[in-house]
Protein chains: 2
Amino acid sequence: MSATELQELLHARGNRVTPQRVLIHETLVELDRHATAEQVLERVSKRLPNASLPTVYAALELFEELGLVRRVDTAGGAAIWDPRTDGHPHFVCDRCGAVEDVDAPLEAARALSAARGQGLHPSGAELVLTGLCRSCARAAR
Amino acid sequence: MSATELQELLHARGNRVTPQRVLIHETLVELDRHATAEQVLERVSKRLPNASLPTVYAALELFEELGLVRRVDTAGGAAIWDPRTDGHPHFVCDRCGAVEDVDAPLEAARALSAARGQGLHPSGAELVLTGLCRSCARAAR
DNA sequence: GTCGCTGCAAAGTATTTGCATAGCC
DNA sequence: GGCTATGCAAATACTTTGCAGCGAC
């Protein structure tokens, strides 16, 4: 998504186009990879030294409503914000907490329809695998 | 799992059989439903007034290693501990945070093998759906 | 000019850790 | 009796909230 498209999206909802929001969005696009709020701030701070963590959280939450990012909660550690729009599973290392994308489709269709059958109104699905990442598996041996 | 089996399992690993552990396990079996650490403590406290939250966490973590419960992290809210041994998806309400079991199989086979193909060593999978629960969907209208 | 957004500080929530003591083995 | 698990308190990590001032529109 371009900066122009972001502007239109924000205007359409009556939200203001602030340098912080533009920059945070740009950072997500540049990273092209999930990141924690802290990591986003780190990059944003280079060009906007006074930016704050609450602002980053507010912007990410807004972007989530806009469908631009997905928030993924990883057991214990910090949540990650993923700019990939396709649903894909994530892997979280039990030992070091590292998060990695898993290259596979999501396969949540049956769960979603089962949930609807139970009277729920699901809008999203997250599949999180846990275990040991490469380096931690090696260290454990 | 019976209390006797728990004892054997603990002994086999060199862990002690304490009243707290037995009671926490019993509570999980009685509940037969996912619960937060706080909810477990609440019930345990009725019979063991001095029981503490750190002890509950320690026991739940131990039981997780023993394969007796699964920890499920729900966005933002407290983690839940699920005594069901079959993998099944969970639904978390975006608005009120309520957690509900989804009655469907897990379907993580492709994700698991993809992860292995990426050199990871997955040992578990959690599928979490988000959206609005019955009452929140009704309130939103 | 108005009103939403930001930055700062502080609060809040969930979970973990340090340490002395109790109690299982 | 030795040593692990417990209970208490405090620390930690992450995220959210309150509020005054700034700046987008």
Side-chain angles (χ1 to χ4, degrees), chain A residues 3 6-25 34-42 44-45 47-66 69 71-81 92 94-97 99, chain B residues 3 6-25 34-42 44-45 47-66 69 71-81 92 94-97 99:
Chain A
L6 176 66
Q7 286 198 13
E8 286 168 10
L9 209 49
L10 288 174
H11 278 141
R13 291 191 18 137
N15 289 119
R16 289 187 183 162
V17 179
T18 65
Q20 287 84 348
R21 287 177 177 168
V22 172
L23 194 44
I24 289 166
H25 176 257
H34 51 248
T36 63
E38 195 100 34
Q39 290 168 335
V40 172
L41 177 63
E42 198 182 327
V44 166
S45 293
R47 288 200 267 162
L48 212 78
N50 286 343
S52 68
L53 215 32
T55 300
V56 172
Y57 276 105
L60 289 173
E61 203 172 315
L62 176 60
F63 292 167
E64 190 179 24
E65 278 179 48
L66 297 176
V69 289
R71 177 184 175 148
V72 182
D73 275 72
T74 70
I80 60 166
W81 303 82
V92 181
D94 283 334
R95 183 179 288 215
C96 71
V99 181
Chain B
L6 176 66
Q7 285 196 14
E8 286 169 11
L9 209 48
L10 289 174
H11 278 144
R13 289 190 20 132
N15 290 118
R16 290 186 182 163
V17 179
T18 65
Q20 287 85 348
R21 286 176 178 168
V22 172
L23 194 44
I24 289 166
H25 176 257
H34 52 248
T36 63
E38 195 100 34
Q39 290 168 335
V40 172
L41 177 63
E42 198 182 329
V44 167
S45 293
R47 289 200 266 163
L48 212 78
N50 286 343
S52 68
L53 216 31
T55 300
V56 171
Y57 276 105
L60 289 173
E61 204 172 315
L62 176 60
F63 292 168
E64 191 180 24
E65 277 179 48
L66 298 176
V69 288
R71 177 185 176 148
V72 182
D73 274 72
T74 70
I80 60 165
W81 303 81
V92 182
D94 283 333
R95 184 179 289 214
C96 72
V99 182

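All chains are named by letter (A, B, ...) in the order of the sequence lines, taking the proteins before the strands, and each is independently numbered beginning at 1.
Computed from coordinates, the Arg13(A) CZ to dC25(D) P distance equals 15 Å when rounded to whole Å. Taking atom OH on Tyr57(A) and atom C1' on dT13(C), their separation rounds to 13 Å, with Å as the unit. Taking atom CG of residue Leu60(A) and atom C1' of nucleotide dT16(D), one finds them 14 Å apart after rounding to whole Å. Per the geometry, CH2 belonging to Trp81(B) stands 10 Å off C1' belonging to dT15(C), to the nearest Å. Per the geometry, CG belonging to Leu53(A) stands 12 Å off C1' belonging to dA13(D), to the nearest Å. The separation between Leu23(B) atom CG and dA5(D) atom P is 17 Å, rounded to whole Å. Rounding to whole angstrom units, CG of residue Leu10(B) and P of dC3(D) are separated by 20 Å. Here dA24(D) presents its P atom at 19 Å from CD of Glu8(A), a figure rounded to the nearest Å.
We find the CG-CG distance between Leu9(A) and Leu62(A) to be 8.5 Å, quoted to the nearest 0.5 Å.
A close approach under 4.0 Å does not occur between any side-chain nitrogen or oxygen of His11(A) and OP1 or OP2 of dA24(D).
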Assess the residue pair Glu38(A) and Leu53(A) against the criterion (side-chain contact (heavy atoms from CB on, under 4.5 Å)); give the C-alpha distance rounded to whole Å, side-chain angles, the decisive distance to 0.1 Å, and a yes or no. CA-CA 7 Å; Glu38(A) 195 100 34; Leu53(A) 215 32; 4.1 Å; yes

Worked check of side-chain contact (heavy atoms from CB on, under 4.5 Å) between Gln20(B) and Val44(B): CA-CA 8 Å; Gln20(B) 287 85 348; Val44(B) 167; over 6 Å; no

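Residue Ala79(B) is classed as a sugar-phosphate contact, given heavy-atom separations below 4.0 Å to backbone atoms only.
When each of Thr36(A), Val56(A), Ile24(A) is paired with Leu41(A), the side-chain contact (heavy atoms from CB on, under 4.5 Å) condition holds for Val56(A) and for no other.
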At under 4.0 Å between heavy atoms, which parts of nucleotides 5-11 of chain C does protein reach? Answer with one letter per nucleotide, 5' to 3': B base, S sugar-phosphate only, - none. SSBBB--

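Residues Leu6(B) and Val22(B) approach most closely at CD2-CA, 4.1 Å, considering heavy atoms.
For Glu61(A), the listed nucleotide lying nearest its side chain is dT16(D); candidates were dC25(D), dT16(C), dT16(D).
With a 4.5 Å cut-off on side-chain heavy atoms, Arg47(A) and Leu23(A) count as touching.
Using a distance-only test at 3.5 Å, with no hydrogens or angles considered, no donor-acceptor pair links the side chain of Thr55(B) to the main chain of Ala59(B).
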